[in-house]
Amino acid sequence: MKRLDCTYCEFKAQAAKFLKKEDLDTLASHCARVSFKPGEKIIRDGALSLNIAYLKDGIVKYQIQGPVKEQIMKIAKGPIYIGIPTTIGDKVNHYSVTALNICEVCFIDADVFKQFLYRNGMFAYEIIQIMSRNELENFRTCVNRVQKQVRGKVAEALLFLADEIFESDEFTLPITREELANLLDTTRESACRIMSEFAEAGYIELKVRDIKILKRDKLQKISEVG
DNA sequence: GCATTAACCACAG
DNA sequence: CTGTGGTTAATGC
């Protein structure tokens with residue numbers, strides 16, 4: 001197995017910058033790096049979790065089993081921690097995380113991770129900050145999902161993908177229409193229709209999965225107003 | 001009433 | 001898996 005060197009990892013988390021050399025060595029020896037292909041599950045709902053998953057690179061979707069069907073919670077991109085709540089919060093995973101493209105993941109021994117939290121205040125603070133921001137964002141997306149109209153949600157999602165995930169106004173949708181609809185709490189038909197509508201209006205260029213944002217200001221407006 | 005929004009159904013590439 | 005069209009129910013003037 002290839003030896004890891006966390007000290008010089010270019011995908012290192014912000015929090016890990018507060019770890020000393022010896023801690024990083026400890027981290028390296030209690031950490032496994034795994035590569036995932038699109039569609040593979042990095043975190044499996046219901047499975048025992050003894051490691052904190054850190055997504056070094058790649059795009060993933062979070063999904064959770066609801067009373068009716070599996071729900072996509074969000075799309076996110078590395079480098080980020082993807083498994084803190086599910087590993088610290090319980091022994092068993094409460095959600096799944098699936099790779100949408102090639103993903104590089106480090107699985108950190110949960111006990112080692114906890115030791116860092118206990119002993120290193122700066123490290124712990126960084127983690128708390130990440131968790132706090134996540135919660136704020138969750139509140140935000142929660143109201144948006146409930147109060148925005150579908151048109152606004154689609155516009156928002158397209159801008160989110162362009163700005164946060166691909167950092168480009170031209171990108172390929174990493175999920176099906178069905179999944180996008182699920183993420184936005186609507187139906188495939190509505191999502192399809194609204195995207196066609198945007199294309200018709202010249203706000204975007206649409207070639208099935210390939211999307212190009214042409215009138216960002218219009219989408220911004222629609223996203224805000226609903 | 002009338003318009004708008006969005007889900008549901010059906011069907012064709 | 002996508003894209004559309006028709007229908008229907010709910011909601012707001």
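First the proteins, then the strands, lettered A, B, ... as listed; each starts at 1. Not measured: the values here are computed from a predicted model.
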**OP:** Take the C1' atoms of the five end pairs on each side of the helix from B/dG1-C/dC13 to B/dG13-C/dC1, get both axes, and report the angle to 10 degrees.
**Re:** 0°
Subject >> Transitive ILVMFWY cluster of A/Met73, excluding itself - 4.5 Å side-chain cut-off >> reply: A/Val34, A/Phe36, A/Ile42, A/Ile43, A/Leu55, A/Val60, A/Tyr62, A/Ile64, A/Ile80, A/Ile82, A/Tyr95, A/Val97, A/Val105, A/Phe107
Can you list the residues that meet the side chain to side chain donor-acceptor pair (under 3.5 Å) rule with [X], with sequence neighbours excluded?
X        : value
A/Thr141 : none
A/Asp23  : A/Arg119
A/Ser35  : A/Glu104

Side chain proximity check, [X] to [Y], heavy atoms < 4.5 angstrom:
X        : Y        : answer
A/Asn182 : A/Arg188 : no
A/Lys153 : A/Asp185 : yes
A/Tyr203 : A/Ile213 : no
A/Leu50  : A/Thr87  : no

Do [Y] and [X] meet the salt-bridge criterion of a basic N to acidic O distance under 4.0 Å?
X        : Y        : value
A/Lys221 : A/Asp217 : no
A/Lys212 : A/Asp169 : no
A/Glu164 : A/Lys77  : no

Subject >> Nucleic acid contacts of residues 205-222 of chain A, taken as heavy-atom distances under 4.0 Å to DNA chain B >> reply: none
Original post:
So which of residues 60-76 of chain A are in contact with DNA chain C, with a heavy-atom cut-off of under 4.0 Å?
Top reply: none
**OP:** Mind running a 4.0 Å heavy-atom check of residues 168-178 of chain A against DNA chain C and sending the residues that fall below it, in number order?
**Re:** A/Thr176, A/Arg177
**OP:** Answer yes or no: does atom CZ of A/Arg145 have more than 12 heavy-atom neighbours from other residues, nucleotides or ligands under 6.0 Å?
**Re:** yes
Original post:
Centres of the A/Phe123 and A/Phe116 rings: under 6.0 Å?
Top reply: yes
Subject >> Qualifying ring-ring contact (aromatic ring centres under 6.0 Å, His included) pairs with a residue from residues 65-86 of chain A, counting only residues at least two apart or across chains >> reply: A/Tyr54-A/Tyr81, A/Tyr81-A/Phe113
Tabulate atom names and distances for all N/O pairs under 3.5 angstrom spanning the protein and nucleotides 8-13 of chain C.
none

Subject >> Considering all heavy atoms, the nearest A/Ala181-A/Ala191 contact >> reply: CB-CB, 4.2 Å
Original post:
Are A/Gln71 and A/Gln63 close enough, and set up right, to give a side-chain contact (heavy atoms from CB on, under 4.5 Å), and what steps lead you there?
Top reply: CA-CA 5 Å; A/Gln71 186 74 32; A/Gln63 44 212 150; over 6 Å; no
Subject >> Letter per nucleotide, 5' to 3', of nucleotides 5-12 of chain B [B base touched, S only sugar-phosphate touched, - untouched; heavy atoms, 4.0 Å] >> reply: -SBBB---
**OP:** Mind jotting down which residue pairs meet the side chain to side chain donor-acceptor pair (under 3.5 Å) criterion with at least one end in residues 122-140 of chain A? Sequence neighbours excluded, please.
**Re:** none
